[in-house]
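Every heavy atom of this structure was used, including side-chain atoms; hydrogens, water molecules and symmetry mates were not. A, B, ... follow the sequence lines: proteins, then strands. Residue 1 opens every chain.
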Amino acid sequence: MYMQKREELHKVWIYFGLVATAILVLFPMLWTVSLSFKVPQDITCAVPKFIFKPTLDNYRHLFSIAKLSKSVGTTSLNFPRYFLNSLIISGFGTLLSLLVGVPAGYALTRGKFKKSSTRENIAFTLLSFWFGPEMAILLPLYKLYRTFGLMDSYIGLILLYQLIGVPFVVWMSRSYFLDIPVSIEDASLLDGYTRWQTFWRIDFPLVKPGIAATAVLTFIFEWNNFVFALVVGGRHTMPVTTGALGFISYEAVLWGQMAGAIVISALPEIILAIIVQKYMIRGLTFGAVRG
Amino acid sequence: MEGRVTVAEVKIRSVWKKYGDVEAVKGLTLDCEDGEFLALLGPSGCGKTSTLRMIAGLEEITSGDIFIGDRRVNDLLPRERNISLAFENYALYPPLSVFENVAFPLKAKGYSSEVVERKVSEILKTFGIWELRNESPMHLSGGQQQLVSLCRCLVKDVDVYLLDEAISHLDTELRAYMRSILKGMHQDMGKTFVYVTHDQLEAMAMADKIAVMNFGELQQVDTPENIYEHPHNLFVAGFIGEPPMNFLRGKIVMEGKYYFVGEGYRIDLSQGLLDFQLVKPGREYILGMRPSEIDIYTTPGEDEELVEARVFVYEPQADHAIVTLLLGEDKVIIETPDVRELEPDTKVFLRFNLEKLRFFDPVTGDSVLQIGYKGDKR
Amino acid sequence: MREVLKVVNLKKSFGKIKAVNGITFSCNEGEISVILGPTGAGKTTTLRLIAGLEQPDEGEIYLDDTIINDLPPFRRSCAMTFEDYALYPHMSVFDNIASPLRAPVRRKQFTPEDVRRIVVETAKLLEIDKLLDRKPSELSGGQRQRVALGRTLVRKPRVFLLDEPIAHLDAALRHRMRAEMKRIFGEVKTAVVYVTHDYLEALALADKIIVLRNGEIQQTGTPQDVYFKPTNVFVASFLGDPPMNFLEAALVRKDGHVFVKVDGMLVSLGEDVDLDLSRKVMLGIRPSDMYILKGDNGGGSGIKVTIRTIEPLGNRYIVTALLSGGKMIKIKLEHRPGVAPGDKVIVGFLPSDVHLFDAQTERALWHGGESNRG
């Protein structure tokens, strides 16, 4: 009896903790969403307003800016363009990362190396590119891109984003391939299939969910990148992350529009994550167990 | 043994263990006498490990009582129960050497270093791991780690020793060897041991009493030989003994003489003793016979009716052979000392040892009767 | 019987470890050859070399007198089962079994109707025809093992390679599957190479046993040869549960007879015994060949021991006893002996059950039984 009461009290505390954490985490996002529907007065007033009259003005301005882009000061705002840029760069960037990374991950799993430590060393070196501080390479990067005329170009950004995508895809796909027992591939070889055929009929179907999850995460990471876009991006290729800077102009900070831009920018990531959520958890924990 | 003061019997009274809605242990009542080696035997999920953990104090007892000696231990912490535990998964301390791991509980109790040195060396040598005394557990194989864990458990001087699958990770040869070592140690120490295992050979070899469990319920508690000869139900009968017992479904029928009639064969029961208060002609029963309790002949009997069967496969085993036979629609395994090879499809003739026939109720699985068994139980 | 597979002086190392160190043997059509040895002996590596999953450092592999060292796995007429079954988790049982028949290398040989017919036939043989639509994750261990077996049987290769196929099944199932496999192999008449660490399995199934240890063959022979005339201590000890007892002994000549003296007991080996009497020997005697004589009843000559433990295992009893020097021996009996721990008894055995091994080289010198030559 006493045990039951103790357990129930336990549960109350747990729920309390969960709710508090949820509020803490979600509040900034919900506030931002609310900002996007507020008029400037409501946004900047001294006492924050929870109940207000919503307006769609901010969103209207975001999408109609194109017409004013050449007339307002030095920073021009072209949100739809930025959104499209993000889509192009992150989309193709992810695709390229997958095309390069997945086979590399497979090679690092099944390939025969002279020393077994070589395999781990290569994998870890690749991973370290991902951890590496972006700041460290900025100067040579700038010079290189200038020289080769890659500034403000889609190709330039997509190539650069591979530093974000490829190590991650290699690392994740490696762990998925490691989860496939070698004996299944051996069995396929003995059934009469070549290694290439074995890869497509055995390995690929088994890692599909994991690769899908990895693709979504890669897309998100590339979408979120700021520094690279800032350094080698330009007027034409600016994605939403750097484009958002434009909301901070000399005259005012366009909070409402910025909030709206944030909401819209976040939407693709959120939608993708929800779609792939089931696979993500499986995919991430597989990687964690194997490591 | 004689000079000991404490009496360390373990009494389990109507113990239940529930994990949420799952009933892991259902109303278990069981005694382990002082100095006895009790094995808790059953397949995984039968509740044996939960029971051991409740005796140890690592799990809460949902309801019921457990006594060690004359103390009710339900609310006592493990360290207050004067027990020693050998886990299935070792739980060794990596930074300490093997020697230090085993010495740990003794040092904690405050023994002098000479005594510690002596006791630890002795037990390490008994278990054959003296050479590993300075190694770190991390460098040892699973089996070696398990032996270290065993040493650490047995080096203490307590009332009750609790062992959970303590030799399961050793390879077969070593396991057989360790059975004798453990049994010998128990005899020397004279202490109470409660031993959890899923391996019936281990339980049979070492235990004074075996408690067979299935789905949280106690099936039978008895000496190894009694459990082997007189299982109380189908589960126990099938679980103990290798090769496993043969089960034949059929009816007792009167056709001049009494027969057990299966699908496509019949067995003459007239030489045995049937108690018709327990076994009714016309009713269906499951007949249980161990492979060693059936004799095989290549010619039909002269003055007795032998049962005809066909050889399915013959497997030699050095000093005996295992023959799988087709008996009507059923398959039967027998063990025979005769090592002459038999080709598949050969016709053979079987004599069933009528002293050992065991009947089980086909619905409840309970043992109904054993022919020739002059005992007071079912 | 035709020779199907021959392996000559096969060697394979992984780094510094010599997994397979000069192995030579051959297998005939319709014969079951069992490679028996403890874990790490090189059994699986040998199998993988035959299958083409590993390349040998030295040595040749012949299939039907053709050397196949350079052929990739899919060109060798071998089918293999793996210890972990290696079923394709994303395919149904049917597709798993059909897999070898659908390989592009073979696609011309089998039409889809052929495939269906063969798969269903094989499934019926293994009693899994009702499970063809299920996925491996929905099957029990025994069922999975049968699917793996089915996938091997479905082609008609020249050699079946089986790697510990029943090691992970529970005891009852293991017995059943062992019997079924023996029956199936008997009917199919292909050469079988079967790997196991369980000597009872080897004795039950094999026409020929190849005992392997640390990558080297210890003995090749029939089950009778290997069990009754082991060539060295390892083979003698590995085939037996409990393992053979080994006692220090010496050879003496007395009155024209040669005796082996062990723990004060003299065992006569006969007159015409050609042994170097100066060598130190070990006397090997199986637990099942020993018996207990109670007390000191007169004429019974044997070894004096003290009973330590008695293990009742149902259909046999294992008695552990200690010699005066502290050495432990085991005796296997069919019925409970009328002794108790602590009793002093005499243990006897027949000269015809005695094996002698050189104490230094561990090679066999003498076996009792029909012939008394080692």
Side-chain angles (χ1 to χ4, degrees), chain A residues 102 105-107 109-122 173 175-214 276 278-279 281-283 285-287 289-290, chain C residues 14-17 44 47-55 71-91 95-110 135-137 144 147-152 154-155 157 159-164:
Chain A
V102 171
Y106 185 72
T109 313
R110 303 282 187 241
K112 293 204 168 24
F113 294 84
K114 282 247 172 69
K115 278 169 74 169
S116 59
S117 49
T118 317
R119 189 202 304 263
E120 294 299 316
N121 289 339
I122 295 181
S173 50
S175 68
Y176 299 135
F177 286 122
L178 278 174
D179 267 343
I180 302 177
V182 185
S183 55
I184 299 188
E185 293 180 2
D186 287 342
S188 174
L189 290 176
L190 276 163
D191 279 350
Y193 297 87
T194 63
R195 197 158 260 291
W196 182 244
Q197 291 161 349
T198 301
F199 178 82
W200 284 108
R201 70 186 283 267
I202 305 293
D203 296 284
F204 190 70
L206 288 175
V207 299
K208 262 199 298 212
I211 300 297
T214 307
V276 192
K278 186 172 65 167
Y279 296 120
I281 297 176
R282 238 187 103 221
T285 48
F286 269 7
V289 167
R290 268 293 168 164
Chain C
F14 295 104
K16 290 208 201 100
I17 301 175
T44 302
L47 225 57
R48 289 173 66 84
L49 287 167
I50 298 173
L53 295 170
E54 304 276 357
Q55 286 298 107
L71 289 182
F74 67 94
R75 288 217 181 279
R76 303 191 188 196
S77 182
C78 300
M80 182 158 163
T81 64
F82 297 82
E83 197 177 341
D84 64 352
Y85 312 139
L87 299 180
Y88 309 126
H90 57 300
M91 294 188 192
D95 290 329
N96 263 282
I97 300 179
S99 169
L101 300 172
R102 291 178 175 156
V105 126
R106 244 166 261 128
R107 195 167 285 152
K108 291 140 204 150
Q109 292 175 26
F110 300 102
K135 290 253 172 62
S137 55
R144 279 186 217 175
V147 176
L149 204 54
R151 189 173 62 186
T152 325
V154 99
R155 281 162 54 192
V159 185
F160 285 133
L161 306 168
L162 296 112
D163 193 354
E164 312 246 22

Quick one: which residue pairs count as a salt bridge (Lys or Arg N to Asp or Glu O under 4.0 Å) with a foot in residues 192-212 of chain A, not counting sequence neighbours?
A:Glu185-A:Arg195
Residue pair A:Ile202 / C:Met91, side-chain heavy-atom distance below 4.5 Å
yes
All side-chain hydrogen bond (donor to acceptor under 3.5 Å, both in side chains) counterparts of A:Thr194, not counting sequence neighbours
A:Gln197
Any residue meeting side chain to side chain contact (heavy atoms under 4.5 Å, CB included) with C:Arg102, in chain and number order, not counting sequence neighbours
A:Tyr193, C:Phe94, C:Asp95, C:Ala98, C:Val115
For chain A, which residues of residues 83-90 of chain C have heavy atoms nearer than 4.5 angstrom
C:Asp84, C:Ala86, C:Leu87, C:Tyr88, C:Pro89, C:His90
Among the listed options C:Ala79, C:Ala148, C:Pro104, the residue most often paired with chain A at heavy-atom distances under 4.5 Å:
C:Pro104
Side chain, backbone, both or neither: which part of C:Ala51 has an atom under 4.5 Å from a heavy atom of chain A?
both
Is the shortest heavy-atom distance from the side chain of A:Leu190 to the side chain of C:Leu53 under 4.5 Å?
yes
C:Arg155 portion near chain A, given a 4.5 angstrom heavy-atom threshold:
side chain
Trace of the side chain to side chain contact (heavy atoms under 4.5 Å, CB included) decision for C:Arg48 with A:Asp186:
CA-CA 9 Å; C:Arg48 289 173 66 84; A:Asp186 287 342; 2.8 Å; yes
